[in-house]
Amino acid sequence: MAVEIRTVAEEEAPAYFRTISAGFGSPASSDDDLAEWQTVAEYDQCFGALDGERFVGGASAYSFEMTLPGGALATIGGVSNVAVLPTHRRQGVLTGLFIRQLDDLAERGRALAALNASESRIYRRFGYGVATDSVSVEIDTRHTEYLGDLPQGRLHLVTVEEARRLFPTFYDKWRRTRTGSLSRSDAWWDIMLGPKEGWKGGGEAFHVVHEDASGEVDGYASYQPQSKTEHGNFQSIVRVRELIGATGGVEAALWRFCFDLDLVRRARSDMRPVDDPLRWWLVEPRQLAVTSRMDQLWLRVVDVAAALTERRYAADGGLVLEVDDPFRPAGSGRYRLEGGPDGASCTRNAGATADLRLDVADLGAAHLGGVSFSLLAAGGRVEELTPGAAARADALFRTARAPYCATTF
């Protein structure tokens, strides 16, 4: 029987959600899990695969606003809940879901799609490339002396209700300054600061805000102490769930607060930016251990010309890119880019002489400035057709800070 792919009606949400959970190998989710998901679900962007009347797979998308290089903002498709039941794998169901979803995003005018990958081998064949990484860090709090003085300011512990009011206002200012960051809706914040911990956030935690000299909030952190003793001595760990500040100094002050918590011997944090300035504050930078590094945000260029026009560039210049898009062949072609700090234009030009040839997945990897074209060329992902073109592309696409996304979806 042929599998039908269509949007999901709201009344079908329980069956759809159970199928997605089963696809990930999880038991049937609770009513609370379903109710939470329904607060952020966009049913017109939820696609289900049905064998007869039964859901056998699905893929959905959320509407996020992403900060692009140069500070431009663009609405993207945040792809999530992608799963197929074990009974229907290797039968083209996932391919069909992605064809329908990418066509839908194109019709909506979304030039970019993004996702967090459950497995790193799946998504390149659908045109996604690794655009941002994150690191997990750990340090013994006895080795956290700083080289310099912290900025003037005050720290306040706040209730979860106060955090719910204060965090979003500051975050919305901050995310507009950091390439790769995503908007968060009220419903998203309710989950992130809710009592139940999940992969989007949540869980019991303490919350602290940093105020500048004028009393304005310019940073915050959420943290969870984890009690531990050895031979009668406290060796507790503080898990820093999220920590962001308007400057590196503010973030250092928030880290200082976490390091100095009573009874705490180690501090840990996941999903930190790869260029976190904390190391440069430390007298003993070697003590800050990077315990893992992993891909965080995978980016898919849905419309090459529109995507390259939306962002800004570090220098004035131009390139012709020959882009191969095997999954959506209509997107393949040569594109002439002219861009700079004040804007850009990109048009399809079949007769232009190409400077670089690359897969659309690798254009997604380079799009936010997190990986250079020269590095992709060294890795066999980009072919330089004009001598020096990779270096020219690096100069155009580079960003002052590594792209970073602190939001999981």
Side-chain angles (χ1 to χ4, degrees), residues 61-62 64-80 82 98 101-102 105 110-135 175-183 271-276 292-304 306-314 321 323-325 327-328 331 337 339 344 346 356 358-379 381-382 390 393-394 396-409:
Y62 305 111
F64 290 114
E65 189 175 68
M66 174 182 277
T67 303
L68 302 177
L73 302 172
T75 301
I76 70 158
V79 175
S80 187
V82 179
F98 270 119
Q101 184 179 66
L102 289 170
L105 291 172
R110 309 286 197 253
L112 297 170
L115 56 79
N116 305 133
S118 56
E119 295 182 80
S120 60
R121 67 175 296 161
I122 297 175
Y123 293 102
R124 180 177 172 83
R125 64 190 170 104
F126 300 115
Y128 286 85
V130 179
T132 77
D133 283 355
S134 66
V135 294
R175 61 102 178 171
R176 295 167 186 268
T177 69
R178 192 67 191 251
T179 297
S181 293
L182 300 177
S183 59
M271 276 186 61
R272 296 301 302 165
V274 296
D275 60 352
D276 195 328
S292 70
R293 175 170 176 157
M294 68 173 291
D295 51 273
Q296 189 64 36
L297 197 70
W298 290 64
L299 202 65
R300 211 290 182 194
V301 178
V302 180
D303 183 325
V304 174
L308 293 178
T309 300
E310 285 177 336
R311 60 157 289 170
R312 303 294 176 259
Y313 297 85
L321 302 176
V323 180
D324 184 24
D325 191 343
F327 191 67
R328 301 184 81 237
L337 167 67
C346 183
L356 296 172
L358 72 168
D359 189 275
V360 70
D362 299 309
L363 181 60
H367 190 66
L368 298 179
V371 59
S372 71
F373 287 83
S374 293
L375 181 58
L376 289 169
R381 299 288 187 86
V382 170
D394 293 346
L396 281 171
F397 280 74
R398 68 177 174 83
T399 54
R401 295 287 303 275
Y404 174 57
C405 182
T407 305
T408 52
F409 54 93

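You'll find the side chain of F327 reaches within 4.5 Å of the side chain of R300, heavy atoms only. A heavy-atom distance below 4.5 Å is not found between the side chains of T179 and R401. The shortest side-chain heavy-atom distance between F98 and V79 falls under the 4.5 Å cut-off.
Between atom CG of residue D324 and atom CG of residue D362 there is a gap of 10.5 Å, rounded to the nearest 0.5 Å. A distance of 8.0 Å separates CE of M271 from OG1 of T132, quoted to the nearest 0.5 Å. With values rounded to the nearest 0.5 angstrom, R110 atom CZ is found 11.5 Å from Q101 atom CD. The distance from the CG atom of L73 to the CZ atom of R311 is 14.0 Å, given to the nearest 0.5 Å. One finds the OG atom of S120 at 15.5 Å from the OH atom of Y128 (value rounded to the nearest 0.5 Å). We find the CG-OG distance between L115 and S80 to be 8.5 Å, quoted to the nearest 0.5 Å.
With hydrogens and angles left out, the side-chain atoms of Q296 and S134 include a donor and acceptor closer than 3.5 Å.
With F64 as the partner, the side-chain contact (heavy atoms from CB on, under 4.5 Å) test is satisfied by one option alone out of L182, L112, T75: L182.
Closest heavy-atom contact between D275 and A402: OD2-N, 2.9 Å.
Remark: side-chain polar atoms of N116 are not paired, donor with acceptor, to backbone N or O of L297 under 3.5 angstrom.
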Do any side-chain atoms of residues 370-377 form donor-acceptor pairs under 3.5 angstrom with protein atoms, and if so which ones, sequence neighbours left out?
| from | atom 1 | to | atom 2 | distance (Å) |
| --- | --- | --- | --- | --- |
| S372 | OG | L375 | N | 2.9 |
| S374 | OG | D394 | OD2 | 2.5 |

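Surrounding CZ of R398 are at most 12 heavy atoms belonging to other residues, nucleotides or ligands under 6.0 Å away.
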